[in-house]
*Asks:* 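Just dropping this structure here.
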Amino acid sequence: MKTKNKNLTTLEEFKEQHYGKIGTPKRDELEAGYENFKIGVLLQEARLQKGMTQEELALKAGTTKSYISKIENNVKEVKFSTLQKIVELGLGGHLELSIKL
């Protein structure tokens with residue numbers, strides 16, 4: 001029989017303790033930051049899977065290596081239209097968006 005260690009905290013419990021419940025300004029800021037981080041990681045993974053450098057991707061997408069780097073490293077937020085160009089023109093892919101309620 002598996003016993004639960006009372007010293008362990010789930011990620012959700014940690015976020016609530018340190019950033020508040022979902023819907024509070026501090027928590028919303030945390031969640032938005034995570035989404036931007038996730039976009040950068042997904043973009044980097046796709047670029048590497050295609051065997052492209054940041055420079056090659058930037059040239060195909062009509063942007064700069066610096067901008068691609070900033071997105072991948074979560075330094076700069078990317079507009080949806082720009083992300084769409086990077087994915088479609090640069091990577092030859094298709095960007096999908098979903099809304100969860």
Side-chain angles (χ1 to χ4, degrees):
M1 185 173 170
K2 206 174 188 181
T3 59
K4 189 174 181 179
N5 185 335
K6 294 181 189 222
N7 294 328
L8 292 180
T9 302
T10 66
L11 178 57
E12 192 60 36
E13 290 169 340
F14 177 85
K15 290 191 292 187
E16 277 195 20
Q17 287 172 357
H18 296 279
Y19 296 94
K21 293 194 177 289
I22 292 174
T24 60
K26 192 173 179 182
R27 178 67 178 268
D28 287 348
E29 186 179 336
L30 172 74
E31 299 298 336
Y34 174 69
E35 290 303 315
N36 289 326
F37 169 77
K38 196 164 68 172
I39 288 169
V41 170
L42 291 171
L43 181 61
Q44 182 179 40
E45 286 178 351
R47 176 180 62 76
L48 293 174
Q49 186 176 2
K50 286 285 205 168
M52 299 174 74
T53 65
Q54 290 176 340
E55 182 71 33
E56 291 168 331
L57 178 56
L59 287 171
K60 283 187 163 192
T63 188
T64 65
K65 176 192 177 299
S66 172
Y67 188 70
I68 298 295
S69 176
K70 287 177 181 175
I71 296 168
E72 287 184 359
N73 291 294
N74 197 28
V75 173
K76 183 146 183 88
E77 289 183 22
V78 61
K79 289 185 350 185
F80 182 79
S81 59
T82 305
L83 182 60
Q84 191 171 17
K85 283 171 54 176
I86 292 169
V87 170
E88 292 178 0
L89 298 176
L91 296 169
H94 179 73
L95 185 61
E96 294 181 3
L97 174 69
S98 67
I99 297 174
K100 295 178 185 176
L101 301 175

*Asks:* Evaluate the criterion side-chain contact (heavy atoms from CB on, under 4.5 Å) for residue pair E72 and R47; output intermediate values, then yes/no.
*Replies:* CA-CA 10 Å; E72 287 184 359; R47 176 180 62 76; 2.7 Å; yes

*Asks:* Could you give all pairs that pass the salt bridge (Lys or Arg N to Asp or Glu O under 4.0 Å) test and reach residues 52-69, with sequence neighbours left out?
*Replies:*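 Matches after skipping sequence neighbours: none remain.
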
*Asks:* Give me the atom names and distance for the closest heavy-atom approach of L91 to M52.
*Replies:*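 In this case the closest contact between L91 and M52 is CD2-SD, 3.9 Å.
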
*Asks:* What is the distance from atom CD of Q54 to atom CD1 of I71, rounded to the nearest 0.5 Å?
*Replies:*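 Rounded to the nearest 0.5 Å, the CD-CD1 separation comes to 9.5 Å.
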
*Asks:* List the residues meeting side chain to side chain contact (heavy atoms under 4.5 Å, CB included) with Q49, not counting sequence neighbours, and say none if there are none.
*Replies:*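 Per chain and number, Q49 pairs via side chain to side chain contact (heavy atoms under 4.5 Å, CB included) with no residue.
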
*Asks:* Throw together a table of side-chain donor-acceptor distances under 3.5 angstrom for residues 75-90, partners on residues two or more places apart or in other chains.
*Replies:*
| from | atom 1 | to | atom 2 | distance (Å) |
| --- | --- | --- | --- | --- |
| E77 | OE2 | N36 | ND2 | 3.4 |
| Q84 | NE2 | E88 | OE2 | 3.4 |

*Asks:* Who passes side-chain hydrogen bond (donor to acceptor under 3.5 Å, both in side chains) against E45, sequence neighbours left out?
*Replies:*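 side-chain hydrogen bond (donor to acceptor under 3.5 Å, both in side chains) list for E45, sorted by chain: empty.
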
*Asks:* Residues in side-chain hydrogen bond (donor to acceptor under 3.5 Å, both in side chains) with E12, at least two apart?
*Replies:*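 Expected list: R27.
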
*Asks:* Looking at residues at least two apart in the chain, or sitting in another chain, which of them share a ring pair (Phe, Tyr, Trp, His ring centres under 6.0 Å) with H94?
*Replies:*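 H94 satisfies ring pair (Phe, Tyr, Trp, His ring centres under 6.0 Å) with no other residue.
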
*Asks:* Under the side-chain hydrogen bond (donor to acceptor under 3.5 Å, both in side chains) rule, collect the residues that match up with S69, sequence neighbours excluded.
*Replies:*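 S69 satisfies side-chain hydrogen bond (donor to acceptor under 3.5 Å, both in side chains) with N73 once adjacent residues are dropped.
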
*Asks:* Quick one: name the residues clustered hydrophobically with L48, using the 4.5 Å side-chain heavy-atom rule over I, L, V, M, F, W, Y, and just say none if it's on its own.
*Replies:*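 So far as hydrophobic clustering goes, L48 is joined with none.
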
*Asks:* I'd like to know if L43 and L95 are part of one continuous hydrophobic network [Ile/Leu/Val/Met/Phe/Trp/Tyr, side-chain heavy atoms within less than 4.5 Å].
*Replies:*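 Both belong to a single hydrophobic cluster.
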
*Asks:* I'd like to check the side chain to side chain contact (heavy atoms under 4.5 Å, CB included) partners of A58; sequence neighbours left out, ordered by chain and number.
*Replies:*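 For A58 the side chain to side chain contact (heavy atoms under 4.5 Å, CB included) partners, ignoring immediate neighbours, are T63, I68.
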
*Asks:* Could you check if a side-chain atom of K26 sits within less than 4.5 angstrom of a side-chain atom of H18, using non-hydrogen atoms only?
*Replies:*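 No; the side chains remain at least 4.5 Å from each other.
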
*Asks:* With a 3.5 Å distance limit and no angle check, can you tell me whether E13 reaches the backbone of T10 through a side-chain donor-acceptor pair?
*Replies:*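 The answer is yes, because a donor-acceptor pair under 3.5 Å joins these two groups.
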
*Asks:* Report the residues that fulfil side-chain hydrogen bond (donor to acceptor under 3.5 Å, both in side chains) with Q44, sequence neighbours left out, ordered by chain and then residue number.
*Replies:*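 Partners of Q44 by the side-chain hydrogen bond (donor to acceptor under 3.5 Å, both in side chains) criterion come out as none, since no residue qualifies.
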
